[in-house]
Amino acid sequence: MRFSRMHLPTLKEVPAEAEVISHRLMLRAGMIRRLAAGIYSYLPFGLMALRNVEKIVRQEMNRAGAQEVLLPAVQPAELWQESERWDFYGKELLRFKDRHQRNFCFGPTHEEVITDLIRHEIRSYRQLPLNLYQIQTKFRDEIRPRFGLMRGREFIMKDGYSFDVDDTAATSSYQEMRAAYSRIFTRCGLDFRAVEADSGAIGGNFSHEFVVLADSGEDAIASCSKCDYAANIEKAQSRFIAGDVSLPDAGVAPAEAVATPDCESIAEVAAFFQTAPANILKSMIFESDLGFCMVVVPGDREVNEFKVKAALGANWLEVPPPARIIDELELPVGYMGPLPVKIPLLVDRLVPQMGALICGANRYGYHLRGVYWGRDFTSEQIADLVQVRAGEACPRCDGLLQIDRGIEVGHIFKLGTKYSEKLNAVFLDQDGQEKAMVMGCYGIGIGRTVAAAIEQNYDENGIIFPYALAPFKVALLNLDLKNEAVTSFCEKLYQEFLSRGINVLYDDRNERPGVKFKDADLLGTPLRLTLGRKGFKRGVIEVKLRREAEAREFPLENLEPLWSLLAELQADDSRI
RNA sequence: CGGGACGUAGCGCAGUCUGGCAGCGCACCUGCCUUGGGAGCAGGGGGUCGGAGGUUCAAAUCCUCUCGUCCCGACCA
């Protein structure tokens, strides 16, 4: 492609809306433009990058035995009512009516549609397994779209669905997808982790997120330094090192109430008593489908709501607003404690080891000091309820956990028979028995993958594309358009790239060199070739890798080194 | 949904407090000049100041409503 002919509007200045690096660079590099909140147009350069991700996804999905389809984006409400998600999905589901006042939605996901399709086609176990996928625009009416393509409302997603005869077969479909996903993100040149994720209400431990490591990521993951344990922070556990339960000696004074005016937070209470937050008990109220409960953890720890939910066996869990705690439970927010409470008490497994502790007195303006687990309060519900911290012990081996931030680019899920049962997607097995198909679903955010790649590969000058994702593999900078010898050499070289099938951006614009260098850096083209009058006179062409600081020079009369360098880059790219 | 900020040329912003000619930089067009890291000079085009209503002799500026965007939080398969 000739730069002079390409619609590639690069920006020197960044639109004020852009906060994170990938969003800024994608705007500056002329990849995307915003139309409305969370809704973007893809410009040629941006679309090329998306297509590169899609190409890899297609190759690996097909290799894993999946077949591509394209399902409707607009879906009738009836299907969603049948799966009982029309009422459950909430405001994220974009709904509208057609001219006949019939209800429709714009698909945020396609379990219903694919299951409907399959139930009309599949009758026999002989037709299974089946794995279908599509790459398509989705819409989720996010409460707060942000960060450009990272959390848009309209976005391009690869979503795939597998259908199997039983749980064992479904598990192997799942494992196959897991392997395919690893190949996909490896080929995209990303540093990622496949982490165990919360599997929600559906149960089982068959959900993995693929998380690209990046400090700006919205997700936190814990991983072991020694073994391959890795989990979303929502799900991560650490090995419990049991310590002594410190009971008070016989002579130790009973708990004592202390006036603590204006001490509603752990930090304020710690400052008042001149002690560490770890010696204070954090008491929180949660509400679930099973009613209210109180959760107590050491004051320096964060409650993990997913663990609380699991410990309760609840279907949903939320933190009630303070007004409800005050009105309905008559508990003083800011001064709550477990002595005593009328609602169920959940105690973190670390609490019995705290010794003499400080907690709220259930009376405004007062805390209790010298409180002991076992003497002053107790509970049968002791569980792991806190978020893991870096440096804690791995639950699987003797390694230590580290915490990283990352961007969720893929999520695979074993669905079981949730949808097949609701939508009656059944088949006859070998014994003539009717059975529900066992399903799995597998998503990849295409645009988010591009954004994540940029988030992980950039410097102060712009994007540094992994070779596989780079829209152009080579930028050819002609610095002396008016010099006939230089230009004719560049033209010849440009044609050579084209005939070799290498995607090249030939900067033939009538611009000063500085402009061309800046744009080449911004666009993140892996290899940059520069030819000007001076180099031509010396018989050399400058060759620079975007990733490296130093440029090299190759002789004009023998470009073999150039072709082998490109072959190297390409080979490195197709590693799996 | 709660809190905060913003909306003036394609982009980045000043002007708003204290009402009185619509501004600056970049980008764009023309010409000259320049050509190894976003040059220089000269000339030029481009605005319902987000929208509606109100106050006033006079509104980008003050008041009311409204729409949109961003940030923090809550929420969320």
Side-chain angles (χ1 to χ4, degrees), chain A residues 9-20 23-24 27-30 33-40 80 83-86 88-93 105 107-112 138-148 151 153 155 157 159 197-202 207 209 218 232 234 305-306 315-323 408 411-413 415 418-419 441-443 445 460-462 475 477-483 486-487 507 509-523 528-538 540-542 544 549 551 553:
Chain A
T10 58
L11 302 174
K12 257 194 275 195
E13 287 170 309
V14 200
E17 69 200 51
E19 198 72 9
V20 298
H23 189 195
R24 298 166 70 98
L27 286 168
R28 286 193 56 207
R33 290 292 183 260
R34 192 187 64 84
L35 178 64
I39 301 178
Y40 290 85
W80 285 72
S83 70
E84 295 172 15
R85 284 211 290 185
W86 184 257
F88 267 108
Y89 208 91
K91 290 182 182 168
E92 241 179 63
L93 184 63
C105 64
T109 177
H110 282 68
E111 283 84 5
E112 283 81 358
K138 305 269 191 258
F139 195 96
R140 294 182 188 176
D141 202 352
E142 296 277 347
I143 291 172
R144 190 147 85 87
R146 56 188 142 176
F147 305 153
R151 186 176 285 276
R153 294 194 292 171
F155 58 99
M157 181 174 173
D159 52 321
D198 182 64
S199 49
I202 289 158
S207 178
E209 283 176 5
E218 293 185 276
N232 190 301
E234 295 168 350
E305 293 186 29
F306 294 88
N315 291 321
W316 57 268
L317 183 80
E318 61 185 35
V319 180
E408 178 190 347
H411 199 160
I412 60 176
F413 211 104
L415 287 175
K418 178 176 176 180
Y419 296 94
C441 74
Y442 316 96
E460 67 278 8
N461 293 314
L477 276 50
N478 178 347
L479 298 190
D480 257 305
L481 275 173
K482 288 180 184 151
N483 183 312
V486 170
T487 295
D507 197 340
R509 293 175 301 170
N510 185 20
E511 289 285 356
R512 300 165 57 83
V515 175
K516 300 189 179 191
F517 287 127
K518 288 290 184 191
D519 273 341
D521 284 350
L522 176 62
L523 299 178
R528 189 187 76 192
L529 305 181
T530 310
L531 190 60
R533 192 188 317 141
K534 291 172 195 163
F536 189 79
K537 211 174 268 178
R538 286 172 42 232
V540 294
I541 186 165
E542 182 192 278
K544 184 180 169 300
E553 288 182 338

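Letters go in sequence order (proteins before strands), and every chain restarts at 1. Basis for what follows: all heavy atoms, side chains included, without hydrogens, waters or symmetry-related copies.
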Classify [X] by what it touches in the nucleic acid, base, sugar-phosphate, or nothing, heavy-atom distance under 4.0 Å.
{"X": "A:Arg509", "answer": "nothing"}
{"X": "A:Glu511", "answer": "base"}
{"X": "A:Lys534", "answer": "sugar-phosphate"}
{"X": "A:Asn461", "answer": "nothing"}
{"X": "A:Arg144", "answer": "base"}
{"X": "A:Ala16", "answer": "sugar-phosphate"}
{"X": "A:Glu408", "answer": "base"}

Give a yes or no on this: more than 12 heavy atoms of other residues, nucleotides or ligands lie within 6.0 Å of atom CZ of A:Arg146.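 Atom CZ in A:Arg146 is crowded, with more than 12 foreign heavy atoms closer than 6.0 Å.
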Of the nucleotides [options], which has the atom closest to the [X] side chain?
{"X": "A:Arg146", "options": "B:C11, B:C71, B:G37", "answer": "B:C71"}
{"X": "A:Thr530", "options": "B:G36, B:U35, B:C76", "answer": "B:G36"}
{"X": "A:Leu479", "options": "B:G36, B:A77, B:U35", "answer": "B:G36"}

Between B:G23 and B:G44, how far apart are the P atoms? Round to whole Å, please. 14 Å
Can you tell me how far C1' in B:U56 sits from the matching atom in B:U61, rounded to whole Å?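 Taking atom C1' in both B:U56 and B:U61, they lie 13 Å apart.
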Given B:C75, is OP1 or OP2 found less than 4.0 Å from the side-chain N or O atoms of A:Lys91?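 Result: no.
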Using only heavy-atom distances, decide whether a donor-acceptor pair under 3.5 angstrom links the side-chain of A:Arg85 to the base of B:A77.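 Checked by distance alone, the answer is no.
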